[in-house]
Amino acid sequence: MSTTLPPALAQAVDCLLIDNFDSFTWNLYQQLSLLGARVTVVRNDAIPAAALPQLDIKSLIVSPGPGHPTTDSGISRDAIRYFTGKVPVLGVCMGLECIVDVYGGTIGYAGEIKHGKLSPIRHDGRGCFKGITQGILSTRYHSLSASLKTLPKELMVTCVTEDSGVIMGVRHREFVLEAVQYHPESILSEGGDTLLRNFLALKGGTWKENLDALVLDNSLPPFPYDALAPRVDNVAELKSKLPTILERIYAQRLKDVQQAKSLPGASTRDLDAFLALHLAPPLVPLVARLKARSPALMAEIKRASPSKGDIAPNANAARQALAYALAGAAVISVLTEPTWFKGSLLDMRLARQAIDALPNRPAILRKDFVLDEYQIAEARLWGADTVLLIVAMLPPARLHALYAYSLSLGMEPLVEVHTTDEMRVALELGAKVIGVNNRNLHDFNVDMGTTSRLADMARGDVVLCALSGITGPEDVREYAKQGVGAVLVGEALMRAEDPRTFIHHLLDWPLPEEEEGDGQVLVKICGIKSVEDALVAAEAGADLLGLIFVPSSKRYVSVDVARSIASAVRASRSSPNAPPPATAEATHVGNAPWFATHARRLARTLAHRRPLLVGVFQNAPLDVVQDTVTRVGLDLVQLHGAEPIEWARFVGAPVVRAFHVGSKTGGLRDVTRPGLHAFALLDAQRSDGLSGGSGKTIDWACARALVDAGELENNNGDAKPETQTEAANGNGNGDEKGGQEGGQDKAAPVEAAPETRRHARMPLILAGGLTPLNVPEAIARVQPWAVDVSGGVELADGTGKDADKVRAFIQAVKGPAPSAGED
């Protein structure tokens, strides 16, 4: 950073005000200006500490600000160190905390959270407090304060709250250095003008130069803190008072945020840089997601809570999120607070990753005690679509700042309220999604009537959400009658044995029928080399035609020939039994797993145009694949080599990924990985480690195990089926009927998880050694989604397709073709 001062600071400055990024700085500036001061304001990161000696100032004021002095005050502490003893220095709120920290004191929880609250204070009548009456009301916005036990010997206490004894002011014993914890610039604070006028009248750097300030006047009685403290300690109400749960959580989260900011590579500047690099994943708009279905469900992932202790301490956030999404949740709320709720940002990131491949994924809510912009930036980078802002915990200025910052990152926050006053604050804020917490966060007691009492206050397009305590459909029905647009359910869902059934019962949603497909296996005729072969296959009822762009293959076709084939196929395409297009009213906002979704989408496409063209490539450069897709007009691309799996993002068409069964290098590891290839094809491995064209069948029991295990949490995509394949058919048995006599028992089907059985088996494409004779048995034993044949329907000399075999194969798969005139 340059040490050259900006023009405004390169000249003599009457009063320098360091802004710690707080809106109160403007109020302070205005009040000082009205008192006749010429004030120059500089942000706490505008100049480096090395430039401080170049400044020519008469006085220094350190403003209020959010956060902790050690992590959020910029050059404030360096300025205090440099200018103390040279010019008068005043700290306000965080300014006091900076001064105490500079001299080695401890800044910690004040024992109470005060935001916009008034407290009477008792002061020593010296320095800045000269001429101010006792018992004045001070406006407080803080939860941190100095500790008397660790107050440095250089500093003295100048004022405290009368009711609780919290330190409200400190002063250096020798140098002109004063600070107040409260906000004298607030319109509600009494004596603010006098305090600031007293400060502006000070000169030099020591109290010896300001004898009229009375700081060194020994004739005045000392500040009676020692006498006041016992009085405070003896008040029974205060003596027995403990911080509420919310106050304790707030104090802990302050420390957590400070620690996070201090980690190398995780500072506020670092997070800003990550956001500027667009490293945050795409967003789902919260309001639209909630309005897609009413009442919407906000399903929560919560391991524990302060009131209930452990709920589901061993919960898997990713698995839970996927179950919620497939059951119809509009929002998934993830607790990321670690101490009381046993959550983490990792939970949120994994929950987001688990649902990222779904077509209508729920919005991700970071459920936490957000008090700093840093947490919102964290949330955005780790995959949240929205954050929670708790009105009861945040002062108005902080609430507005955090709300605005969240909007600047594209996230509409969920604003939580519990009382009518808090509801008014949320509405004045302009919040579009307001959640009424039935649980009082100070004592964690639940009153289900809280939402009902506040429901009438919601207006316009506000989405009103009921939070906490919801356990049954009666609660939801009652809230729906009152205009509640969403309900958040946590503990009841976490304890439910079957979240899907519980959700449908809770929301009165009918359970969908088991989705097993229409039973029609698709047929891909691969290795098409001529227009004639393509038209024969199309007329016979083929769904997919494979054009092989592998120069070493005997079935290779050039781009020019492929274009001729594509033109002929497109001209002859039929639209058998095409369903009507989906209407806006019929749009479904639910979800199905990745491969099931693509299988259904392809089935809908085939209802309008059939057959589709598949380009088959094997280790071709990516640009060659992309160029061929464009020039030929391919509908799908089949990658049949060792191409990087990430290529599916860049090819330009849905990808069929071939997996080489029998591979000893983890060939099936990514079969069920969602988010990349749209379809998975199993083929027999050749001696060169690849597959295709060998005429060998694969281990059908292995394939069936993958189908039955399904695509959700399929842990068998590498180890178990691969081991079974090698044991049963390690050499790629080429028997036309599958050669499975010895393999069936060794490759027992894997039990499917409940969520998998409900949604879909894994829709695999089966290839390898199929013929008109063995394909019925292959289908019966494997139950694939589609079958792929090439050599099994070729002429004896390999010059092209045998029309009779093509028809026989398709008939063996689909049954007899309808006769002329038959519906």
Side-chain angles (χ1 to χ4, degrees), residues 519-530 532-548 550 553-555 611 614 616 638 640 656 658-662 680-687 690-704 707 725 728-729 731-744 747 764-817:
Q520 180 68 70
V521 178
L522 303 184
V523 175
K524 174 173 172 263
I525 304 296
C526 201
I528 298 292
K529 295 194 297 181
S530 68
E532 292 75 18
D533 286 349
L535 295 179
V536 166
E539 183 181 355
D543 302 291
L544 307 167
L545 302 182
L547 306 177
I548 297 179
V550 182
S553 172
K554 63 183 179 181
R555 303 179 181 99
V614 184
V616 181
Q638 181 172 317
H640 215 90
V656 178
F659 292 88
H660 317 307
V661 178
L681 179 147
L682 302 186
D683 203 352
Q685 183 182 18
R686 302 191 309 240
S687 59
L690 298 177
S691 63
S694 68
K696 297 178 180 179
T697 58
I698 69 167
D699 181 348
W700 290 347
C702 165
R704 177 60 180 271
V707 169
T725 299
N729 197 20
N731 62 359
N733 192 318
D735 181 79
E736 277 196 349
K737 293 188 178 180
Q740 303 300 308
E741 288 81 357
Q744 293 181 60
L764 286 175
I765 303 174
L766 180 65
L770 297 178
T771 70
L773 295 177
N774 69 5
V775 72
E777 182 183 358
I779 291 172
R781 292 173 60 177
V782 177
Q783 295 190 8
W785 169 69
V787 289
D788 184 324
V789 65
S790 182
V793 293
E794 286 185 339
L795 295 168
D797 59 5
T799 57
K801 299 303 178 192
D802 184 317
D804 291 336
K805 289 183 179 179
V806 169
R807 296 187 187 97
F809 187 90
I810 294 174
Q811 182 173 337
V813 175
K814 300 190 175 188

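All figures in this text were calculated on a predicted structure; none of them were measured in a lab.
- Here the straight-line distance linking atom CD of Gln638 with atom CD1 of Ile765 works out to 7.0 Å at 0.5 Å rounding.
- Among residues two or more places apart in sequence or in another chain, the side-chain contact (heavy atoms from CB on, under 4.5 Å) test is passed with Val536 by Ala803, Arg807.
- Of all the heavy atoms in Leu770 and Leu766, the pair that sits closest is CD1-O, 3.4 Å.
- Between Leu522 and Trp785 the shortest side-chain heavy-atom distance falls below 4.5 Å.
- Looking at heavy atoms from C-beta onward, Val793 lies out of side-chain contact with Asp802 at the 4.5 angstrom threshold.
- Here the side chain of Asp533 pairs no donor or acceptor atom with the backbone of Gly527 at under 3.5 angstrom.
- Residues Val789 and Thr771 fail the side-chain proximity criterion, which asks for heavy atoms closer than 4.5 Å.
- Without hydrogens or angle criteria, Thr697 side chain to Gly769 main chain gives no donor-acceptor distance under 3.5 Å.
- Heavy-atom minimum distance, Ala812 versus Val775: CB-CG1, 3.6 Å.
- Screening residues 782-794 for salt bridge (Lys or Arg N to Asp or Glu O under 4.0 Å), with sequence neighbours left out, gives Lys524-Asp788, Arg555-Glu794, Glu794-Lys801.
- Two residues are said to be in side-chain contact when any heavy atoms from C-beta on lie closer than 4.5 Å; Ile548 and Cys526 meet this criterion.
- Put simply, CD1 on Ile528 and CG on Leu545 are 5.5 Å apart, with the number rounded to the nearest 0.5 Å.
- Across all non-hydrogen atoms, the minimal contact from Ile525 to Ala542 is CG1-CB, 3.8 Å.
- Listed here is the closest heavy atom pair of Leu681 and Ala767: CD2-CB, 3.9 Å.
- Atom CD1 of Ile698 is separated from atom CZ of Phe659 by 12.5 Å, given to the nearest 0.5 angstrom.
- For the pair Val787 and Phe809, the tightest heavy-atom approach, listed with the atom from each and the gap, is CG2-CE2, 3.9 Å.
- Note that OG of Ser553 is 8.0 Å distant from NZ of Lys529, once rounded to the nearest 0.5 Å.
- Distance check, rounded to the nearest 0.5 Å: CG of Leu773 to NZ of Lys805 gives 9.0 Å.
- In this structure, Val806 and Ala540 approach most closely via the heavy-atom pair CG1-CB, 4.3 Å.
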